[in-house]
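Below is one structure, written out as structure tokens; the observations come after it.
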Amino acid sequence: MAKLWAGLADGSIDAAAEDFNRSIRVDSRMYRQDIAGSVAHAKMLAAQNIISPQDAEAIVNGLNGILSDIDAGRLKIDPEAEDIHTFIEQTLTERVGEPGKRLHTARSRNDQVALDVRMYLRERAEYTKSLLKGLMGALCDRAEETKSAVMPGYTHLQRAQPVTMGHHLMAYAMMFSRDLGRLTDAAARMNSSPIGCCALAGTTYDTDRRFEAELLGFDGVAENSLDGVSDRDFCVELGAALALIMTHLSRLSEELILWSSWEFKFIELSSAYSTGSSIMPQKKNPDMAELTRGKTGRVYGDLMALLTMLKGLPLAYNKDMQEDKELIFDAFDTVDACLTVCAPMIGTMTFKQENMRRAAAAGFINATDLADWLVGKGMPFRTAYKLTGELVAECTARGTTLEDLPLEAYRAKSELFDGSLYDAINIDTCLLRRTSYGGPTPESVERQIGLIKGLIK
Ligand code: ARG
């Protein structure tokens, strides 16, 4: 195919170099945005008397025909074309003749690609937000079910203090709510139109950038044409938001993997979201969670590559920037794929509440409460802490728990002890008495669920 740019560079490009240069494999997915941008551009050119209304009409009809033909599979995007912008413009000219050749007036592929990417990514951000909301909804539903299900809370992966499964799940819902906010913020900052910046230095034509931006649903226009065509910070911001979603998904996945092991067995994943082993018939493997954890590195890599691609670039457009799309598209594709399986995986897992409670009873997670009880009897906290430590050591030596240690053993350590200590260290009491704001009680979890549900409705 003839080169759009066959001027001084005469288009006699080496075949391998040509293939190296083309981005159609990656950017063909923006054909809808490219066509919408060109429709708006033709309308603006006509409104400003830069092209005739007849030419604009021929262009718009031609572009709409191309759109419906690609949508319906009647027109195949040529894999040999350099990029989607070239393909659409050349197809238009083949179809409508002269008017097609007027479309690229007062425009460059530099502002065109900057426009298309923004329009494509703002749709992707909306879609990812809807998936995030789905996951948050699933977490709320499961938290509602388990708001009273006591389990050990951990630090250093050592049993620490009592929480509920509902409380633990809602911690993730809070992380995802911030991810939602980050995507919203990044998408809002990105929604400023670069079209009309042209190659880098604007144009001598009397264009109306605001009119064109409005037609395309932008909130404003890039204020500096060099910046408009050469900034890709929106890709980095979205990439960072996506990387954090993966961080959160990966931590959650890690817990689901642990919890579904025989060592924990707090949950069992549904067969729909696990796999078997080809050799070990007893296995039910958490592959979806493991893949999610494993794919996190890809998204971090996309972000790092975006940052590195930009760091040394002089203004304005440089071909390096063609790399932006493959990276940010991969980040979106990966996050969306993970969210798509994680939400129903969480929605369908079963909780083994007896096992959580058993773990909660065995790990001395009421030791802080015992120390606090002694403080209530007048002992300084540091002394109470030390004495409780001795009691835990004694329980370990006797193979028992604080709940089952006889009163004499307690009184041998301190005269302050009486029978009421057993109520104070009962696991349910320990949980229900943690009434501080944001804590693990069923009421607190209820309130958290209410907050998240308010955000996602
Ligand atoms: N395919 C190019 C990209 O994705 C379009 C812009 C080309 N501009 C240029 N001056 N070669 O960045």
Side-chain angles (χ1 to χ4, degrees), residues 1-38 40-41 63 66 70 77-93 103-124 190 193-203 216 222 225-236 238-239 302 305-333:
M1 204 181 251
K3 299 289 162 293
L4 274 182
W5 40 260
L8 184 59
D10 65 6
S12 62
I13 188 170
D14 170 80
E18 180 172 24
D19 191 52
F20 185 64
N21 196 46
R22 63 169 58 97
S23 57
I24 190 83
R25 280 181 294 268
V26 172
D27 61 28
S28 60
R29 57 161 93 187
M30 305 192 302
Y31 72 90
R32 286 200 185 87
Q33 291 72 25
D34 195 72
I35 291 171
S38 290
H41 192 63
L63 287 169
I66 293 173
I70 298 178
I77 296 175
D78 179 8
E80 307 273 288
E82 182 176 328
D83 56 26
I84 191 62
H85 327 294
T86 312
F87 175 74
I88 303 280
E89 190 188 322
Q90 286 180 336
T91 308
L92 176 72
T93 302
L103 172 62
H104 213 55
T105 315
R107 186 173 79 168
S108 152
R109 273 188 300 161
N110 297 350
D111 56 345
Q112 194 178 353
V113 72
L115 177 81
D116 293 1
V117 178
R118 281 176 172 83
M119 293 204 308
Y120 178 81
L121 292 181
R122 79 186 171 192
E123 278 178 32
R124 292 298 303 255
M190 168 176 78
S193 167
I195 198 73
C197 292
C198 302
L200 72 162
T203 180
L216 295 170
S225 64
L226 292 167
D227 176 49
V229 288
S230 66
D231 116 68
R232 295 292 184 273
D233 55 11
F234 60 91
C235 293
V236 172
L238 288 169
D302 291 330
L306 278 165
L307 284 164
T308 312
M309 178 271 284
L310 284 171
K311 73 179 267 294
L313 294 186
L315 299 185
Y317 179 84
N318 300 269
K319 193 71 172 206
D320 315 45
M321 291 157 74
Q322 180 164 285
E323 288 291 297
D324 63 350
K325 287 170 285 300
E326 191 164 0
L327 298 167
I328 191 66
F329 293 174
D330 179 68
F332 268 109
D333 292 349

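Start at 1 and go down the list; that is how both ligands and their atoms are numbered.
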Worked check of side-chain contact (heavy atoms from CB on, under 4.5 Å) between Phe234 and Arg122: CA-CA 10 Å; Phe234 60 91; Arg122 79 186 171 192; over 6 Å; no

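- Aromatic rings from Phe87 and Tyr31 are positioned such that their centres are separated by 6.0 Å or more.
- Residues Lys325 and Asp27 are not paired through a salt bridge, judged by the lack of any N-O separation under 4.0 Å between the basic side chain and the carboxylate.
- Distances from atom 9 (C) of ligand 1 to the heavy atoms of Thr86, Ile24, Ile84, Asn110 show the closest one on Asn110.
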side-chain hydrogen bond (donor to acceptor under 3.5 Å, both in side chains) assessment of Ser38 paired with Arg107: CA-CA 10 Å; Ser38 290; Arg107 186 173 79 168; 2.9 Å; yes

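- Closest protein heavy atom to atom 2 (C) of ligand 1: Gln322 OE1, 3.2 Å.
- Listed by number with element, the atoms of ligand 1 under 4.0 Å from a non-hydrogen atom of Ser23 are 1 (N).
- Only the side chain of Lys325 comes within 4.0 Å of ligand 1, judged by heavy-atom distances.
- When only non-hydrogen protein atoms are considered, atom 11 (N) of ligand 1 lies nearest to Arg109 NH2, 3.8 Å.
- Contact of the Asn21 side chain with the Lys319 side chain is registered, since non-hydrogen atoms from C-beta on lie closer than 4.5 Å.
- Considering backbone and side-chain N/O of Asp83, one or more are found under 3.5 Å from N/O of ligand 1.
- Remark: minimum distance from atom 12 (O) of ligand 1 to any protein heavy atom is reached at Tyr317 OH, 2.4 Å.
- Using a 4.0 Å cut-off between a side-chain N of Lys or Arg and a carboxylate O of Asp or Glu, Glu89 and Arg109 do not qualify as a salt bridge.
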